[in-house]
2 protein chains.
Amino acid sequence: MRKRSRYFAREELKKSGYKVTPARTAIIDLLSNSKKHLSAEDIFLKIHNISPNIGLTTVYRTLEVLVETGMVCKLDFGDRRARYEFSQGIEKEKHHHHLVCTNCNRIIDYTDFIEDEIELLKKTEKGLSKKYKFEIKNHIIQFYGLCNECRKKII
Amino acid sequence: MRKRSRYFAREELKKSGYKVTPARTAIIDLLSNSKKHLSAEDIFLKIHNISPNIGLTTVYRTLEVLVETGMVCKLDFGDRRARYEFSQGIEKEKHHHHLVCTNCNRIIDYTDFIEDEIELLKKTEKGLSKKYKFEIKNHIIQFYGLCNECRKKII
DNA sequence: ATTGTAAATGAAAATCATTTTCAATAATCA
DNA sequence: TGATTATTGAAAATGATTTTCATTTACAAT
Ligand SMILES: [Mn+2]
Ligand SMILES: [Mn+2]
Ligand SMILES: [Zn+2]
Ligand SMILES: [Zn+2]
């Protein structure tokens, strides 16, 4: 599994004209085996244990590259730091969106209603690209509110 | 029109236990007459011409208050600065979402397909709040891509 | 394998939107 | 009219991200 995604990533990098480097491999390995929504610093620290020679700057630069190739999604949950997760294309089974607790910052991945969502998106996309001649590449849907625990706590 | 929203804002502030101050009134006046998606600094500069005694810090604090009361929406288009616009509640006719051009940062407000969207949101909201016991307060839908001009330019 | 070259990297410094601090001021209410 | 708090402005601090620049590395061509 790890070998598989590593191979895929290597090809993906080459396809986009990027070199395959230890930092890039390490970050891809980490993200492809992690479910969490990690910040650049999270990633830096985890990798630092294994490869103390990879700097934070390189982590930022690598993430930029991985987002550019589409392998990684950059997420923004409103605390002022980007978060990253291995990308699941739309239409794929793992495509999901997020519930964000505004109290404790918990993030819930949900995959429910994705079919309905995709239907709406297609319709919207078609309408909007015609009306505004806008070419949609990407979308965000996010719900903000209170998670179960915080709802109880706050009352 | 201006008087009306000023009156409304005054009541809204009082309702939430906030004092009515010149800075707050000025910012509400500005936003309620502006269609643009203004940053804190934009707002500061515009107001600075009229009331040079209102500081940037106060602008930030005021915006925080106005967002908290629900009178203003805080928007994030991925350049690293918040943008603000006078709030239109969901279900209201002016409720809208945004197309964001990733090349030139142009923002297009769209109100199309909002009925379908609201339908999906209701369904999703109901399903998710049951499944995850998550109380949804707010949502974001945003499309990223290329506007007409940039699409032509880049090819 | 060796080498030339552009791309990638690390460390340190810079950036810059936003927050914090704190002393001074002003809005509200009795 | 005060008294009581919330609000404020200016300056400093914060902190995630970016830039700079000298050094190293990947890899294509030899
Ligand atoms: Mn996720
Ligand atoms: Mn708008
Ligand atoms: Zn929570
Ligand atoms: Zn554009």
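Numbers restart at 1 for each chain; the letters A, B, ... are given by sequence-line order, proteins then strands. Heavy-atom basis, side chains included; hydrogens, waters and symmetry copies ignored.
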task = Find which nucleotide of DNA chain C each of B:E41 and B:P22 is nearest to by heavy atoms, and output the residue with the more 5' nucleotide.
result = B:E41
key: Residue whose closest nucleotide on DNA chain C lies nearer the 5' end, B:V20 versus A:A23   = A:A23
ask   = Is it true that A:H96 and A:Y110 have ring centroids separated by less than 6.0 Å?
value = no
message = Is it the case that the ring center of A:H95 lies less than 6.0 angstrom away from the ring center of A:H139?
response = yes
[X] [atom1] to [N] [atom2]: how many Å, rounded?
| X | N | atom1 | atom2 | value |
| --- | --- | --- | --- | --- |
| B:E68 | D:dA6 | CD | P | 14 Å |
| A:R24 | C:dT9 | CZ | C1' | 10 Å |
| A:K14 | D:dC27 | NZ | C1' | 9 Å |
| B:Y84 | C:dA17 | OH | P | 12 Å |
| A:E64 | C:dT9 | CD | C1' | 14 Å |
| B:Y18 | D:dT5 | OH | C1' | 14 Å |
| A:R61 | D:dC21 | CZ | P | 14 Å |
| B:R10 | C:dT28 | CZ | C1' | 12 Å |

Distance check: side-chain N/O of [X] vs OP1/OP2 of [N], anything under 4.0 Å?
| X | N | answer |
| --- | --- | --- |
| B:R81 | C:dA17 | yes |
| B:T57 | D:dG9 | no |
| A:R80 | C:dT18 | yes |

query = Does one side chain, of B:H37 or B:E85, offer a donor that lies under 3.5 Å from an acceptor on the other?
reply = yes
query = For the side chain of B:S34 and the backbone of B:L30, is there at least one donor-acceptor N/O pair under 3.5 Å apart?
reply = no
ask   = Which is true for B:T21 with a 4.0 Å heavy-atom rule: it touches a base, it touches only sugar-phosphate, or it touches nothing?
value = sugar-phosphate
key: Shared hydrophobic cluster for A:I107 and B:Y132 (ILVMFWY, side-chain gaps under 4.5 Å)   = no
Presence of donor-acceptor pair under 3.5 Å, side chain of B:K19 and base of D:dT5 = yes
